[in-house]
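So the structure is just underneath, and the comments pick up after that.
Residues take their numbers from the sequence shown, with the count starting at 1. Because the structure is a prediction, the values reported are computed rather than measured.
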Amino acid sequence: MEDLERTLNSNTLAVPAISVATGIVISSFIGNGFIVGFILLLIAVAIYIAILYSGKDPIKAYRFRLFHYSWLALAFIGTGIIFAEIHKPDTLSVDNKKAESIFGTVKDISEKASGDLLTLDVHKICWSTAHTNDFSNLTINVKCIGSDAGCSIGDNIVFPATIRSIEDNPNSFSSGYKRIMNSKGIFYTCNVYDGNIKVEDHNSSIMSLSRKIRNNLEVYIENTHLSKDTQNFLITVLLGDRNYLDSSTRDIFADAGVAHVLALSGMHMAIIGGIFLFLLFPFNFVGRYKIRFLLAAAMLWVYAFITGMAPSTVRACIMVSFATIAIILERKRYVFNSLFAATLIILLFSPLTLFDIGFQLSFVCVASLAAFASHVNPFDHKTNPKSYRIAAIFAATMVATLGSWIITAYYFKSFPLAFIPANILILPILPFYIALALIHLLLAHCGVDLYFMSWILDSTFEGLKIFLKWIGSGNVIHPDISYETLILWITGLTLAGLFLNVKRWKPLMVSGITLMIISVLIIPLQADRIPDDSFIITNNYRNVAINIKKGNEEEQVIMDKGKISSTNIGKSSIITIDCNLPETITPCKCDYLVIAGGYKGNIMDVSKIFKPSRIVIHPSVRRKRENSYINEARDLGIDCHSIRHDKPLKVII
């Protein structure tokens with residue numbers, strides 16, 4: 001009990017932060033959140049008054065001292081519920097409904113090859129039924145098909161579109177996109193075409209200024225003599241804009257287990273902060289080391305603003321700010337207290353951030369480093385400082401992965417086995433690479449463009465890609481992690497952390513290790529794997545395309561256009577007819593008969609020849625003819641699937 005009390009006293013924001021997070025989670029499962037939240041606040045006040053009353057007796061006051069955490073926890077749980085209710089996303093009652101006018105403010109813009117993708121805060125929707133709805137917290141994705149949006153962040157725009165719920169790609173067996181978007185509070189999307197977006201007025205919001213500065217820096221990097229791949233990599237790691245990086249490069253980093261390098265996080269902030277401290281080192285000569293740390297913290301906030309204020313960078317900046325305050329006040333610094341402070345501030349301002357994958361990974365990695373890194377390092381930082389620093393790189397890589405792998409596997413259903421050697425190589429190189437890149441960019445801005453520095457940056461990046469591609473090739477497993485498994489692992493990890501940092505009570509460690517082992521052992525038992533040779537007849541309008549499940553990959557077969565073609569997938573036979581029937585044809589039997597737009601006959605003729613178990617109508621068939629086919633198949637008693645109406649045909653073997 002004394003160990004717990006000492007830990008809570010040194011980490012005073014632990015209970016408030018954990019309680020607010022608990023309240024946000026509770027809010028996602030209950031209705032009437034405001035009522036529940038206010039009831040918990042009233043109960044907290046009642047407990048506080050009761051403790052104060054009992055505190056008149058010094059002995060009772062000492063015995064009941066830990067009960068203060070009970071009313072504090074209830075108060076912040078209630079606060080978390082109320083704040084979550086205030087920020088809860090609005091929902092639409094009807095899906096795939098046409099809106100005559102959607103009014104909103106552009107929150108973010110991502111440049112894609114197929115057209116810009118806008119994140120829009122919707123204010124009002126005028127439906128085709130002449131009904132109007134106002135919204136206070138509705139965010140949707142707006143896909144600009146094949147065009148530039150023609151607007152900027154902060155602009156108020158209006159356009160017509162059909163709003164639909166975000167779904168996973170129906171043409172693929174992989175899933176996760178819907179869950180990722182929903183975790184950000186985005187449940188709906190719509191398409192808008194060239195010329196349909198009208199800008200009502202241009203706003204100069206603070207975030208639009210951030211985007212403008214970032215765009216100017218991106219243009220500047222693109223105008224250097226660095227190779228295109230190096231430019232895109234620097235824009236990604238320095239400015240946090242991952243739209244520039246091609247999918248093949250992202251896959252190389254992900255398969256090697258170093259995808260975190262491509263996302264702005266505490267690691268990047270530590271590198272940039274270290275560079276700032278190095279540049280401000282002269283302040284130490286005049287005894288102004290406190291000003292040095294204060295300026296470095298302020299510069300980090302400016303950097304976070306320029307890069308878009310992502311939750312991970314905000315968390316890092318808040319932690320740095322608390323550490324700086326402790327240095328100025330000459331107080332002892334507690335990593336966990338800074339982490340909980342950052343978490344509390346972020347969640348109070350943006351409760352939905354709790355469900356953001358980036359925030360979860362960032363929190364778990366930092367917590368794992370604080371809880372385990374010093375304990376797994378075999379050297380003492382006082383007697384062997386150099387060896388301790390070298391071993392710290394390996395320790396940090398292992399414990400950060402130990403804590404976060406389950407989250408990555410849960411959301412993305414992949415886990416790279418080569419993460420340790422890949423991180424051991426890239427983590428020591430990255431700070432020097434970023435520092436060299438910044439020096440090169442600064443010199444180029446001053447008119448000094450050194451060729452050999454460009455060559456070093458280009459060659460180093462290409463060498464890293466070659467190494468990561470080699471080490472990550474074939475070394476990725478794809479586990480199916482359930483929510484229960486995730487909770488088991490995190491709980492076990494927490495118990496182990498409590499054993500090492502709070503109370504050396506063996507049952508804590510035994511329970512923690514047991515839960516982690518159980519969570520790993522049950523993964524194969526609850527896996528929901530899709531068997532090989534399962535397939536999807538896609539809604540590709542140009543060709544009859546079939547995606548086939550092969551291990552962890554998907555292969556695509558394109559059927560011949562303008563012909564009668566056939567293929568066998570496992571035990572399933574598929575025939576595609578995309579032309580008129582020839583005069584002579586050998587009758588045969590198939591499981592699936594796909595009728596494409598080139599066929600102009602009727603269902604009876606082809607059913608007599610091919611005797612299909614199921615007919616699939618491809619979207620290349622005109623709507624009028626398709627309706628005729630559906631009615632004819634129904635009259636003949638043949639199972640008919642329309643891809644246009646019923647979505648792609650997914651067959652699980």
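- Counting only residues at least two apart or on different chains, the salt bridge (charged side-chain N to carboxylate O under 4.0 Å, His left out) pairs with a member in residues 212-232 are Glu222-Lys228, Asp229-Lys465.
- Between the side chain of Lys600 and the main chain of Gly597, a donor-acceptor pair closer than 3.5 Å is present.
- Counting heavy atoms from C-beta on, the side chains of Thr189 and Ile140 never come closer than 4.5 Å.
- Nearest heavy-atom pair across Pro416 and Asp255 is CB-O, 3.2 Å.
- Tyr433 pairs by the ring-ring contact (aromatic ring centres under 6.0 Å, His included) definition with Phe233, not counting sequence neighbours.
- Asp90 places no side-chain N or O within donor-acceptor distance of the main-chain N or O of Phe135, the cut-off being under 3.5 Å.
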**Item:** Verdict with reasoning, Ser101 to Ile125, per side chain to side chain contact (heavy atoms under 4.5 Å, CB included)
**Value:** CA-CA 6 Å; Ser101 301; Ile125 297 179; over 6 Å; no
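- A 4.5 Å side-chain heavy-atom check between Leu92 and Asn133 finds every atom pair outside the cut-off.
- Using a 4.5 Å heavy-atom threshold, the side chains of Ile548 and Glu554 count as separate.
- The existence of a salt bridge linking Lys124 and Asp134 is excluded, since no basic side-chain nitrogen approaches an acidic carboxylate oxygen closer than 4.0 Å.
- Checked options Ile603, Thr576, Val616, Ile575; the residue passing with Ile595 is Ile603 (criterion: side chain to side chain contact (heavy atoms under 4.5 Å, CB included)).
- No donor-acceptor distance shorter than 3.5 angstrom exists from the side chain of Thr353 to the backbone of Asp356, with no hydrogens or angles considered.
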**Prompt:** Going through the checks in order, is the side chain to side chain donor-acceptor pair (under 3.5 Å) test met by Thr105 and Asn156?
**Reply:** CA-CA 4 Å; Thr105 302; Asn156 291 325; 2.6 Å; yes
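- Here the closest heavy-atom approach between residue Pro612 and residue Leu593 is recorded as CB-CB, 3.6 Å.
- Taking the six-membered ring where tryptophan is involved, the planes of Phe253 and Phe461 are essentially parallel, since the angle between them stays under 30° and well short of 60°.
- Counting only residues at least two apart or in different chains, ring-ring contact (aromatic ring centres under 6.0 Å, His included) contacts with residues 600-628 are absent.
- Tyr220 places no side-chain N or O within 3.5 Å of a backbone atom of Asn215 that could act as its donor or acceptor partner.
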**Item:** Working for side chain to side chain contact (heavy atoms under 4.5 Å, CB included), residues Ile617 and Ile643
**Value:** CA-CA 6 Å; Ile617 303 177; Ile643 293 178; over 6 Å; no
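- Pairs engaging residues 620-636 under the salt bridge (charged side-chain N to carboxylate O under 4.0 Å, His left out) rule: Glu626-Arg644 [sequence neighbours left out].
- The number of heavy-atom neighbours closer than 6.0 Å to NE2 of His641, taken from other residues, nucleotides and ligands shown, is above 12.
- Side-chain atoms of Asp560 never come within 3.5 Å of backbone atoms of Lys563 as a donor-acceptor pair (strictly under, hydrogens ignored).
- At a threshold of 4.5 Å between non-hydrogen side-chain atoms, the residues Cys190 and Phe159 count as touching.
- Between Val594 and Ile577, every side-chain heavy-atom pair lies at or beyond the 4.5 Å cut-off.
- Side-chain contact check for Phe103 versus Cys126: some heavy-atom pair is nearer than 4.5 Å.
- Residue pairs satisfying the salt bridge (charged side-chain N to carboxylate O under 4.0 Å, His left out) criterion with at least one member in residues 566-593, sequence neighbours excluded, are absent.
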Tell me which donor-acceptor pairs under 3.5 Å the side chains of residues 539-546 have, and how far apart each pair is, sequence neighbours excluded?
unit_1, atom_1, unit_2, atom_2, d
Asn539, OD1, Asn171, ND2, 2.6
Asn540, OD1, Arg542, N, 3.0
Asn540, OD1, Asn543, N, 3.4

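- Put simply, CD1 on Ile197 and CG on Asp116 are 8.5 Å apart, with the number rounded to the nearest 0.5 Å.
- Side-chain atoms of Ser607 come within 3.5 Å of backbone atoms of Met604 as a donor-acceptor pair (strictly under, hydrogens ignored).
- Two residues are said to be in side-chain contact when any heavy atoms from C-beta on lie closer than 4.5 Å; Ile407 and Leu486 meet this criterion.
- Checked options Leu352, Leu138, Asn182; the residue passing with Pro89 is Leu352 (criterion: side chain to side chain contact (heavy atoms under 4.5 Å, CB included)).
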